[in-house]
Amino acid sequence: VVSQNKRQNGPGSSPPTCRSKCGNCSPCKPVHVPIQPGLSIPLEYYPEAWRCKCGNKLFMP
Amino acid sequence: LLLLCSSVSPLGDEGKALMTMKASFRNVANVLLDWNDVPNSDLCSWRGVFCDNTSLSVVSLNLSSLNLGGEISPAIGDLRNLQSIDFQGNKLTGQIPDEIGDCVSLVHLDLSENSLYGDIPFSISKLKQLEYLNLKNNQLTGPIPSTLTQIPNLKTLDLTRNQLTGEIPRLIYWNEVLQFLGLRGNLLTGTLSPDICQLSGLWYFDVRGNNLTGKIPDSIGNCTSFEILDVSYNQITGEIPYNIGFLQVATLSLQGNKLTGKIPEVIGLMQALAVLDLSDNDLVGPIPPILGNLSYTGKLYLHGNKLTGPIPPELGNMSKLSYLQLHDNQLAGTIPAELGKLEQLFELNLANNQLEGPIPHNISSCTALNQFNVHGNQLSGSIPSSFRNLESLTYLNLSKNNFKGRIPNELGRIINLDTLDLSDNNFSGTVPASIGDLEHLLTLNLSRNHLCGPLPAEFGNLRSIQTMDMSFNNLSGSIPAEMGQLQNIMSLILNNNNLNGEIPQQLSNCFSLSTLNVSYNNLTGLIPPIRNFSRFPPDSFIGNPLLCGNWVGSICGPPVTK
């Protein structure tokens, strides 16, 4: 039922597939990266976003 | 004529503007040495000044992190060809001059990390080329000018950590170009407008730590471009809408609001979630077992709610989980053995719930575990000896439960522990000497158990220890002289035991010791009459009938006056 919902634009999300998102570089894998709001005081954690990673390079999914 | 002019002043209008700006700054002596009104001075070579190669007009000013004080002169408006201003990380005060609106070519404006005050000038809306506006970490007041919406190419708007008031202008949401909206840490009021989802190019939405009220709009699911949605630490009320399940976010931060109702099951379908924080709200009902589907989530925070029911064993399927914080709820039942599957778990906090039964042996498989806290439950059984496998543990808190049995010797192998708190349980037997091997231990609390036998002399090896509480046990024997080696100890609490013998003179070598309690034991002899011991009050020593001190009522103190 869930997968059918998704096909019909139902709720839910998935990590990016990162297929051909790293240019010629491979393998291209989805990773969590912390987005630092750049504050001087420490936070309990940074917000995180998905990026595609190949070697040590990051690409937008 | 040109020659004549230049002989009067070698600098053109832009040079004069820069010199006026220099005069308005403070602490320029060392950093703007080459900004100088002398013949043959080439302003394009001045520090932080960058010119166009052909027109030689100033296009960029980069004076970031130069410790500049003073104010930004209105003369900045004379630099008509400026495309980039970066004054980030100085000590600039005063207001942002209205004249900045005259720098009509500006694309990049960064005045962040200064002490600028006053309103954000409306004139900024004249900067039609502006793509990047960063005024973060200043002391700006007043409203967010609604005219900011007249900047057609604005991609980044960062007003984080100021003292901005009023509502977020709704028009700001009707911007298809804006990618980053940082309003965290202001005094903004009003509600979350349903219009926020008109920001069709936005990936970062952060209004954390304001005074926003009202509900999360039902239309929230239309914000499909958002990667980060942070509305935490406001006064948002109502239930989490079902439509939240349509978001594609990696971070969903709703903590520190007044959200009510249950955790919607649909959240279990949001597999793109890296961080889910619903903590410190008024959420009720069970933790939906379907959250176990979130197999890419690294951080799950549900603490500080009124959640009931069991911890779903399905959470053991969240194979990427590193932080699981469920403390301060009303969760019941046992700790599921399935949590032992969480190989990346770094922090597990289940404190202050109504959990019962033993700690499953499987938890010892969580070898990445750094912090384990089950304080304030009704857990029973003994400490699994397999806990010695948790070599990464730095924090172990089992206090205020019904644990019994001996304290296993193996705890001494968890060499990175900085906190060991087993207080307020029914532990019995002797104190293992191996605890003395924990050389990084800062806090040791074994109080309020049924421990017997002596204080191990090996405790003298706890060279980092700051706080040691062994009170309310049945400890006997004398206080080991080796305790005098503890150079960092600030608090030594040994009251309500059966300790006997004399207080070792060596304790007066513990120069950091500021709190001592040896009351209600069977200590005898003289209180060491030296050094820090003179500053401990009689309360530190009372209840030792044969201990001799100079307080009223002591066997060798001043007589009781009638």
Side-chain angles (χ1 to χ4, degrees), chain A, chain B residues 88-89 112-113 134 136-137 158 160-161 180 182 184-185 203-206 208-209 221 224 226-230 232 242-253 255 264-277 279 290 293-299 301 320 322-323 325 347:
Chain A
V1 176
V2 167
S3 58
Q4 207 167 6
N5 274 347
K6 273 191 179 172
R7 247 177 275 138
Q8 295 163 1
N9 283 327
S13 61
S14 310
T17 59
C18 287
R19 209 169 289 134
S20 66
K21 293 290 182 185
C22 302
N24 295 328
C25 187
S26 78
C28 187
K29 300 270 185 191
V31 291
H32 296 165
V33 293
I35 306 294
Q36 303 193 11
L39 303 172
S40 41
I41 54 160
L43 300 168
E44 66 264 47
Y45 60 84
Y46 292 122
E48 292 178 17
W50 287 98
R51 296 289 179 264
C52 297
K53 189 175 186 183
C54 182
N56 52 12
K57 283 187 180 164
L58 293 175
F59 300 86
M60 290 303 286
Chain B
Q88 177 260 329
S112 64
E113 325 278 343
N134 189 349
K136 166 170 86 181
N137 286 11
D158 198 345
T160 293
R161 265 184 214 280
F180 185 105
R184 172 189 291 238
W203 67 274
Y204 185 93
F205 185 95
D206 183 0
R208 175 189 175 109
T224 49
F226 288 16
E227 293 182 53
I228 288 161
L229 176 60
D230 192 338
S232 60
Y242 171 83
N243 284 347
I244 205 135
F246 288 87
L247 287 173
Q248 308 289 309
V249 288
T251 298
L252 181 58
S253 291
Q255 72 270 25
E265 303 238 342
V266 70
I267 288 181
L269 302 179
M270 300 171 71
Q271 287 216 302
L273 279 175
V275 180
L276 175 59
D277 197 338
S279 64
I290 195 177
N293 274 14
L294 298 174
S295 48
Y296 302 98
T297 303
K299 294 168 184 167
Y301 304 99
K320 292 287 193 307
S322 54
Y323 290 81
Q325 303 203 341
E347 190 171 330

Name, in order of residue number, those residues of residues 48-61 of chain A that have a heavy atom at a distance of less than 4.5 Å from a heavy atom in chain B; otherwise write 'none'.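 When heavy atoms of chain B are the reference, residues 48-61 of chain A contributes A:Glu48, A:Ala49, A:Trp50, A:Arg51, A:Met60 within the under-4.5 Å range.
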Between [X] and [Y], which heavy-atom pair has the shortest distance, and what is it?
| X | Y | result |
| --- | --- | --- |
| A:Ser13 | B:Gln248 | CB-OE1, 3.6 Å |
| A:Gly10 | B:Phe246 | C-CE2, 3.5 Å |
| B:Ala272 | A:Ser14 | CB-O, 3.4 Å |

Answer with side chain, backbone, both or neither: which region of B:Leu252 has an atom nearer than 4.5 Å to a non-hydrogen atom of chain A? neither
So, the part of B:Lys320 with a heavy atom under 4.5 Å from chain A: the answer is neither
Measure the spacing between CD1 of A:Ile35 and CH2 of B:Trp203 and express it to the nearest 0.5 Å. 4.0 Å
Around atom OH of B:Tyr296, are there more than 12 heavy atoms of other residues, nucleotides or ligands at under 6.0 Å?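 Open.
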